[in-house]
Amino acid sequence: MRKLFVAALALLICGFAQAQNDNSQKTLEERVASLENTVKTRTASWDKISRYISPSGYVVGGYNWNDAGTSTFKINHVNITFVGNLYKGDYGTVDYKVQAAFAGTPKLIDAFITYKPIKEFGIKFGQFKSPLTFENSERSPVSLEFANYALAVQRLARMSEQDVCGLSNAGRDLGFEFLGSALHRDGFSIINYELAVFNGYKLNTTDDNKSKDIVGRLIINPIKPLSVFGYFQRGEGAYPTFYDATQTYEPQDASKYLQMYRYGGGFDYTDYRGFVRSEFIAGKTDNLLKTMNSAGGYFAAGANIANHWQVVARYDYMDEDVDSKKINEMDYTAGITYAPLKNVDLKLNYTYRQLNGGFQDKNCIYLQLSYKF
């Protein structure tokens with residue numbers, strides 16, 4: 001009887017222990033499931049938030065040297081961007097972008113909204129990059145393969161203070177644009193178009209006259225890596241008088257309407273091996289002295305070598321006054337880029353700058369570090 005009691009007690013204890021173990025196991029599984037549900041819920045919440053607002057930005061700085069007497073460290077860009085999708089449904093998509101630049105004088109450079117009811121047609125309104133040239137609109141300071149934009153892009157697309165029109169707008173303007181694409185393929189469209197109407201004046205400023213600039217561009221992508229494009233611009237404004245001998249501008253009365261035209265085109269081929277790109281840009285700009293005809297262009301190529309390395313080269317010229325029968329500037333650039341991390345790259349460019357019109361040629365070195373987040 002005693003042995004039977006001991007055996008029954010042992011079975012009871014074992015059964016209780018097993019039940020406790022099952023309860024513990026069940027509790028652990030419940031906790032894991034609860035944690036997974038929490039992660040899924042938070043991930044879904046973050047995905048929803050990031051759909052409406054997604055921040056990013058970049059910092060670009062470095063060191064510039066040339067043998068004409070300039071040597072300086074520079075912070076070229078400190079930009080913060082917010083993008084998001086406000087609507088996606090049966091009636092198309094509504095997206096926005098806001099970008100501020102903090103290097104130098106802080107300013108708002110992008111602030112626009114895009115509505116596309118269908119892929120073939122959409123409307124963009126606000127302040128955004130002009131579709132004039134490919135390099136201006138399709139390459140940011142951190143995606144550009146060189147330390148500087150091409151001369152013709154800087155001086156004919158309002159990218160710098162050296163622009164022939166005297167306007168430095170970071171390649172942007174305020175207005176609205178019709179855009180769209182057709183003949184869609186896997187990951188790209190063969191035909192892409194943009195037609196914009198801009199103030200043709202300074203950033204973040206109301207226009208000072210009744211005239212508007214018209215800019216149009218057509219891009220053909222026969223295959224995904226290859227873009228062939230052409231563009232034009234027509235505008236009126238109080239463009240400054242340019243003095244070739246001193247490379248200076250004299251501002252004009254805002255009430256005067258002077259005409260300006262731009263046109264050009266080129267191609268870009270970019271894949272995992274590297275890139276080849278070329279553009280030709282020309283136009284005329286009226287001022288009080290005469291009509292100044294300008295032309296410029298570049299041919300650039302780069303090859304990805306090993307991991308994280310790219311070598312690049314570019315021939316670049318700009319003739320601000322074709323009628324003077326001389327090329328004002330020709331640049332020969334060779335460079336190498338090292339990108340040890342996805343968001344970091346270091347560029348080293350050497351440029352031999354050949355200047356006509358009595359100006360001294362220059363040897364220039366640009367060391368540039370960029371970080372994007």
Side-chain angles (χ1 to χ4, degrees), residues 56-79 101 103 133-155 157 159-160 162 170-171 224-227 266-281 296-318 327 329-355 360-373:
S56 63
Y58 55 84
V59 178
V60 180
Y63 174 75
N64 298 350
W65 174 91
N66 68 65
D67 57 4
T70 300
S71 172
T72 183
F73 292 100
K74 291 185 65 177
I75 298 295
N76 299 318
H77 305 278
V78 180
N79 288 29
T133 83
F134 185 88
E135 194 173 83
N136 170 39
S137 63
E138 305 303 318
R139 293 293 182 269
S140 70
V142 289
S143 63
L144 183 67
E145 302 88 352
F146 299 88
N148 298 301
Y149 286 89
L151 293 172
V153 177
Q154 292 186 51
R155 299 182 186 178
M159 283 284 297
S160 76
Q162 296 178 316
K224 189 174 183 179
L226 176 62
S227 298
F267 72 91
D268 176 86
Y269 186 95
T270 302
D271 63 13
Y272 68 95
R273 294 166 295 184
F275 75 96
V276 179
R277 183 168 62 254
S278 182
E279 290 191 70
F280 171 78
I281 313 165
Y298 68 89
F299 181 86
N304 300 324
I305 55 172
N307 291 328
H308 314 299
W309 294 89
Q310 183 182 61
V311 292
V312 297
R314 181 174 68 193
Y315 166 71
D316 188 8
Y317 82 94
M318 179 64 200
I327 296 176
E329 183 172 339
M330 287 188 295
D331 286 1
Y332 306 86
T333 299
I336 188 166
T337 298
Y338 175 56
L341 301 173
K342 181 180 179 180
N343 296 335
V344 177
D345 71 56
L346 180 66
K347 292 183 177 70
L348 177 62
N349 286 185
Y350 164 75
T351 298
Y352 177 70
R353 180 160 294 168
Q354 186 175 10
L355 301 168
Q360 180 183 355
D361 294 351
K362 297 179 182 179
N363 294 284
C364 307
I365 294 176
Y366 303 95
L367 181 64
Q368 180 175 285
L369 176 67
S370 64
Y371 173 75
K372 53 186 177 182
F373 55 89

Locate the shortest heavy-atom distance separating Ala103 from Val78; write the atom from each residue and the value. CB-N, 3.8 Å

Is the distance between the ring centroids of Tyr315 and Tyr332 less than 6.0 Å? yes

Asn136 side chain to Gly171 backbone, donor-acceptor under 3.5 Å: yes

Using atom types as modelled and distance alone, determine if a side-chain donor or acceptor of Asp271 lies under 3.5 Å from a backbone N or O of Pro225. no

Do Asn64 and Tyr366 meet the criterion of a side-chain donor-acceptor pair at a distance under 3.5 Å? no

Would you say His308's side chain and Tyr338's backbone share a donor-acceptor pair under 3.5 angstrom? no

Between Tyr352 and Asp361, a side-chain donor and acceptor under 3.5 Å: yes

Regarding Asp345 and Tyr371, is there a side-chain donor-to-acceptor distance under 3.5 Å anywhere? no

Side-chain contact, heavy-atom cut-off 4.5 Å: Phe299 with Asp316? no

Taking Glu279 for its side chain and Thr133 for its backbone only, find out whether a donor-acceptor pair lies under 3.5 Å. no

Do the side chains of Phe275 and Gln310 get nearer than 4.5 Å, heavy atoms only? yes

Rounded distance [0.5 Å steps], CG in Leu151 versus CE in Met159: 12.0 Å

What distance separates Asp331 CG from Lys362 NZ, expressed to the nearest 0.5 Å? 10.0 Å

Honestly, is Arg314 close enough over Phe146, meaning NZ or CZ under 6.0 Å from the six-membered ring centre and within 45° of the axis? yes

To the nearest 0.5 Å, tell me how far Leu367 CG sits from Tyr350 OH. 16.0 Å

Side chain to side chain donor-acceptor pair (under 3.5 Å) with Glu138: which residues, sequence neighbours excluded? Arg217

Which pair of heavy atoms, one from Pro141 and one from Tyr58, lies closest together, and at what distance? CD-OH, 3.5 Å

So does Tyr149 get a backbone contact from the side chain of Gln154, meaning a donor-acceptor N/O pair under 3.5 Å? yes

How long is the straight-line distance from OG of Ser227 back to CZ of Phe267, given to the nearest 0.5 Å? 11.0 Å

For the residue pair Phe73 and Tyr63, categorise the inter-ring angle as parallel (less than 30°), tilted (30 to 60°) or perpendicular (more than 60°). tilted

Any chance you could lay out the salt bridge (Lys or Arg N to Asp or Glu O under 4.0 Å) test for Glu145 and Arg277, step after step, and finish with the verdict? CA-CA 11 Å; Glu145 302 88 352; Arg277 183 168 62 254; 2.8 Å; yes

side-chain contact (heavy atoms from CB on, under 4.5 Å), that's the test. Do Leu369 and Val59 meet it? Break it down for me. CA-CA 8 Å; Leu369 176 67; Val59 178; over 6 Å; no

So Asp268 and Arg139, salt bridge (Lys or Arg N to Asp or Glu O under 4.0 Å) or not? Walk me through it. CA-CA 11 Å; Asp268 176 86; Arg139 293 293 182 269; 3.7 Å; yes

Verify, without hydrogens or angle tests, whether Thr351 (side chain) and Arg353 (backbone) share a donor-acceptor contact under 3.5 angstrom. no

Run the numbers on Gln368 and Val60 for side-chain contact (heavy atoms from CB on, under 4.5 Å), then give the verdict. CA-CA 7 Å; Gln368 180 175 285; Val60 180; 3.4 Å; yes

Which heavy atom of Ser370 sits nearest to which heavy atom of Val142, and what is that distance? CB-CG1, 3.9 Å

At their closest point, which heavy atom of Ala152 faces which heavy atom of Gly297, and how far apart are they? CB-N, 3.8 Å

Separation between CD1 (Ile281) and CD (Glu135), nearest 0.5 Å, reads 8.0 Å

If you measure from CG on Asn349 to OG1 on Thr337, what distance do you get to the nearest 0.5 Å? 6.5 Å

